[in-house]
There are 2 protein chains.
Amino acid sequence: MGTAERKQKEKEERERLFLTRAGEMIRDEGLLNLQMARLAESCEYATGTLYQHFSSKEDLLVALAEQGAHRHVDVFRRALAWQAGTRDRMFAIAVGDVHFARKNPQYAKLIQYVFAEAVWENALPERRQSLLGHCEPITEIIRSLVREAIYHGDLRAGGSLHEMELALGPWCLCEGMHSLVHTQGLLEKCRIHRPEELLFVNVQLLLNGMGWQPLMEPVEPAATQALADRIRRDVFES
Amino acid sequence: MGTAERKQKEKEERERLFLTRAGEMIRDEGLLNLQMARLAESCEYATGTLYQHFSSKEDLLVALAEQGAHRHVDVFRRALAWQAGTRDRMFAIAVGDVHFARKNPQYAKLIQYVFAEAVWENALPERRQSLLGHCEPITEIIRSLVREAIYHGDLRAGGSLHEMELALGPWCLCEGMHSLVHTQGLLEKCRIHRPEELLFVNVQLLLNGMGWQPLMEPVEPAATQALADRIRRDVFES
DNA sequence: TTTTGATTCTGAACCTGATTCAAATCCTGC
DNA sequence: GCAGGATTTGAATCAGGTTCAGAATCAAAA
């Protein structure tokens with residue numbers, strides 16, 4: 001009974017087509033201008049067919065974010081696999097994250113939009129669950145890096161905190177920076193240029209504060225940026 | 001010629017009414033369910049009148065955020081005015097920010113939504129400018145606190161970085177935490193409970209990393225939380 | 001007090017775009 | 001070749017933001 005299987009495959013194929021096309025349309029015309037009817041037409045299907053895959057526009061956007069999350073996870077995987085000390089690899093995660101956001105501006109915007117309550121609530125629970133599930137490998141990677149750091153003696157296990165909790169700080173720094181960078185006009189108003197360089201400096205300062213060995217002292221903006229550039233080249237652009 | 005003045009006042013009064021009511025409706029029924037026609041009706045005005053004040057729904061939301069920003073600034077003012085060392089006051093800013101977000105969950109969600117590109121772009125430029133302008137005092141407060149810390153010898157001026165840039169790290173930590181907290185289900189999935197306590201710990205670690213005197217060593221979660229609680233009580237709930 | 005012209009208010013009509021669903025079409029197994 | 005279920009279609013429906021022609025109001029002038 002290969003029939004059902006083939007149908008299943010065709011359906012998945014079509015879903016991919018819809019998502020790919022949606023990504024292109026968003027890239028070309030902005031998140032604002034994505035229209036369900038136009039998307040369907042552009043894929044040479046009827047509107048109704050589109051709704052067999054996605055329960056709503058929001059649902060589609062969450063699905064799209066999920067697709068992007070795949071490539072996002074890869075960044076973390078690379079950082080983890082890099083041949084370097086745990087501290088440098090933790091720093092590399094921040095570098096990779098920024099690098100990825102810069103290379104995929106639409107994805108970064110999409111994520112921000114999708115996680116805003118109004119959108120999130122309108123997607124199917126299964127879809128939301130699935131997106132969160134796709135992020136799971138990221139947490140697993142971080143967790144294992146922290147575990148390795150503790151095992152290796154680079155980081156002192158802080159009292160009752162478990163691995164993920166220890167890594168929350170750098171994570172928040174990155175998230176917060178993305179969020180500020182997306183707020184058009186805000187950083188300019190504060191006369192903050194080169195936000196990425198500053199993020200890297202602050203990550204290093206925080207890692208120092210955590211006592212993550214080997215300490216980088218002093219933390220020079222220029223040197224930090226140079227290290228970030230090197231990591232970007234060696235780890236993420238090969 | 002007091003006529004024009006009176007009209008002006010009435011108009012402002014009405015604008016306040018619209019915004020207040022909008023805030024209430026959002027609190028009661030969620031951001032999603034705010035409808036322009038219903039809002040106007042509930043204020044006993046016609047839809048069109050509402051549009052004499054706000055060029056679009058998005059514009060109204062930005063205006064609403066602006067109103068909230070007023071009270072937000074107050075938090076920073078209080079932290080700055082607190083009788084304590086510069087480091088404790090910087091920490092107090094983080095505590096106040098979290099406290100405020102907790103007390104005004106709708107505001108926090110609104111801010112997140114408003115700054116998403118799709119909404120931001122649809123508000124009038126003047127309105128956006130105005131919202132950013134309302135945030136200016138915040139940056140000014142932070143800037144002056146950092147300046148004081150340097151002058152007082154608590155903080156070493158880092159090379160070419162100016163005041164605001166030095167304060168970017170703690171700011172990102174707070175922003176990032178808000179952003180993560182809003183992502184329903186994410187922190188649970190990562191088994192991170194008490195995110196606020198962790199934020200405070202990380203702020204202290206970062207301040208240590210920055211060499212902001214007097215250092216807090218070691219940074220104990222329980223002690224940090226106790227300090228935060230005390231600050232909350234003494235500085236923000238009086 | 002009436003007139004007048006401007007200003008403001010009104011809300012039904014308009015418009016865009018997401019969503020639905022009855023009919024048409026396509027399968028597949030007999 | 002055909003019956004009946006599954007899938008696809010796209011025009012119709014619906015929701016809700018936005019507009020605008022006319023009604024109402026107002027203030028100054030006559």
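Each chain gets a letter, A, B and so on, in the order the sequences are listed, and its residues count up from 1. Everything quoted here is computed from the prediction, not taken from an experiment.
- What separates CD of B:Glu10 from P of C:dT8 is a distance of 11 Å, to the nearest Å.
- Remark: C1' of C:dT19 and CZ of A:Arg38 are 17 Å apart, rounded to the nearest angstrom.
- When the C1' atoms of four end pairs are superposed on the next four at each end of the helix from C:dT1-D:dA30 to C:dC30-D:dG1, using five pairs per end, the two resulting axes differ in direction by 10°, to 10°.
- By the side-chain contact (heavy atoms from CB on, under 4.5 Å) test, B:Asp74 pairs with B:Arg77, sequence neighbours left out.
- Rounding to the nearest 0.5 Å gives a distance of 4.5 Å between CG of A:Leu198 and CD of B:Glu165.
- In this structure B:Glu163 satisfies the salt bridge (Lys or Arg N to Asp or Glu O under 4.0 Å) test together with B:Arg147, sequence neighbours excluded.
- Residues B:Lys7 and B:Glu10 are not paired through a salt bridge, judged by the lack of any N-O separation under 4.0 Å between the basic side chain and the carboxylate.
- For A:Arg38 and A:Glu41, the salt-bridge test fails: no basic side-chain N is under 4.0 Å from an acidic carboxylate O.
- Listed by chain and residue number, B:Glu24, B:Met25, B:Leu39, B:Ser42, B:Cys43 satisfy the side-chain contact (heavy atoms from CB on, under 4.5 Å) test with B:Arg21 (two or more places apart in sequence, or in another chain).
- Here the straight-line distance linking atom CD1 of B:Ile192 with atom CG of B:Leu186 works out to 8.0 Å at 0.5 Å rounding.
- If you check residues 19-35 of chain A against DNA chain C, the residues with a heavy atom closer than 4.0 Å are A:Leu34, A:Gln35, listed by number.
- Residues forming a salt bridge (Lys or Arg N to Asp or Glu O under 4.0 Å) with A:Arg71 (at least two apart in sequence, or on another chain): none.
- Once rounded to the nearest 0.5 Å, the distance linking OH of A:Tyr113 with OH of B:Tyr113 reads 5.0 Å.
- Look at NZ on B:Lys11: it is 7 Å from P on C:dT8, rounded to the nearest Å.
- Within residues 43-66 of chain B, the residues that place at least one heavy atom under 4.0 Å from DNA chain C are, in residue-number order, B:Tyr45, B:Ala46, B:Thr47, B:Gly48, B:Thr49, B:Gln52.
- Between the CG atom of A:Leu39 and the C1' atom of D:dG10 there is a distance of 15 Å, given to the nearest Å.
- To the nearest angstrom, C1' of D:dG10 lies 15 Å from CE of A:Met36.
- Pairs passing the salt bridge (Lys or Arg N to Asp or Glu O under 4.0 Å) check and including a residue from residues 44-55 of chain A, sequence neighbours excluded, do not occur.
- Judged as a salt bridge (Lys or Arg N to Asp or Glu O under 4.0 Å), the pairs with a partner in residues 117-132 of chain B (not counting sequence neighbours) are, in order, A:Lys109-B:Glu117, B:Glu15-B:Arg127, B:Asp59-B:Arg127.
- Sequence neighbours left out, the pairs with a member in residues 174-189 of chain A that pass salt bridge (Lys or Arg N to Asp or Glu O under 4.0 Å) are A:Lys189-B:Glu136.
- Identified under the salt bridge (Lys or Arg N to Asp or Glu O under 4.0 Å) test for residues 89-106 of chain B, with sequence neighbours left out: B:Arg89-B:Glu148, B:Arg102-B:Glu196.
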Grab the N/O contacts between the protein and nucleotides 22-28 of chain C below 3.5 Å, and write none if there aren't any.
| unit_1 | atom_1 | unit_2 | atom_2 | d |
| --- | --- | --- | --- | --- |
| C:dT28 | OP1 | A:Arg6 | NH2 | 3.2 |

